[in-house]
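Below is one structure, written out as structure tokens; the observations come after it.
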Amino acid sequence: MATETQPAQDRWCDVEGDRISLFCWVEVAEDPEPGLLPSRLHQRGQVLGRGLHSLYVCFSDNALVTLPPRFLRLLPDAPGEC
């Protein structure tokens, strides 16, 4: 039964397995997938919301982008942007 609940618990984890919470800071991980937002690689943003399978991330240029958590890396503290 624990294995059935595991995917729901891990749904909001980043590329390294760290849990992403609302309002935390993230960056787009290196080479998440060919052709996926190459202009956003390594950019930092703040998580503002959640969809069914994606997070809403606000970047420093005020662009709001939806991304699956597996393409993000959790940052330890706010970078002072956005």
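Side-chain contact between L55 and L67 is absent, with no heavy atoms from C-beta onward closer than 4.5 Å.
For the pair V15 and A29, the tightest heavy-atom approach, listed with the atom from each and the gap, is CG1-CB, 4.0 Å. The two residues R50 and S21 come nearest to each other via the heavy atoms NH2-CA, 4.0 Å. The two residues S54 and P68 make their nearest non-hydrogen contact at OG-N, 4.0 Å.
Taken together through direct or relayed side-chain contacts under 4.5 Å among Ile, Leu, Val, Met, Phe, Trp and Tyr, V28 and V65 form part of one hydrophobic cluster. W12 and V57 end up in the same hydrophobic cluster when Ile, Leu, Val, Met, Phe, Trp and Tyr side chains are linked at under 4.5 Å.
With values rounded to the nearest 0.5 angstrom, R11 atom CZ is found 9.0 Å from R19 atom CZ.
Legend: residues meeting side-chain contact (heavy atoms from CB on, under 4.5 Å) with D14, ordered by chain and number and at least two apart, are E16, D18, I20, R73, L74. With sequence neighbours excluded, the residues forming a side-chain contact (heavy atoms from CB on, under 4.5 Å) with L64 are L48, Y56, C58, listed by chain and number.
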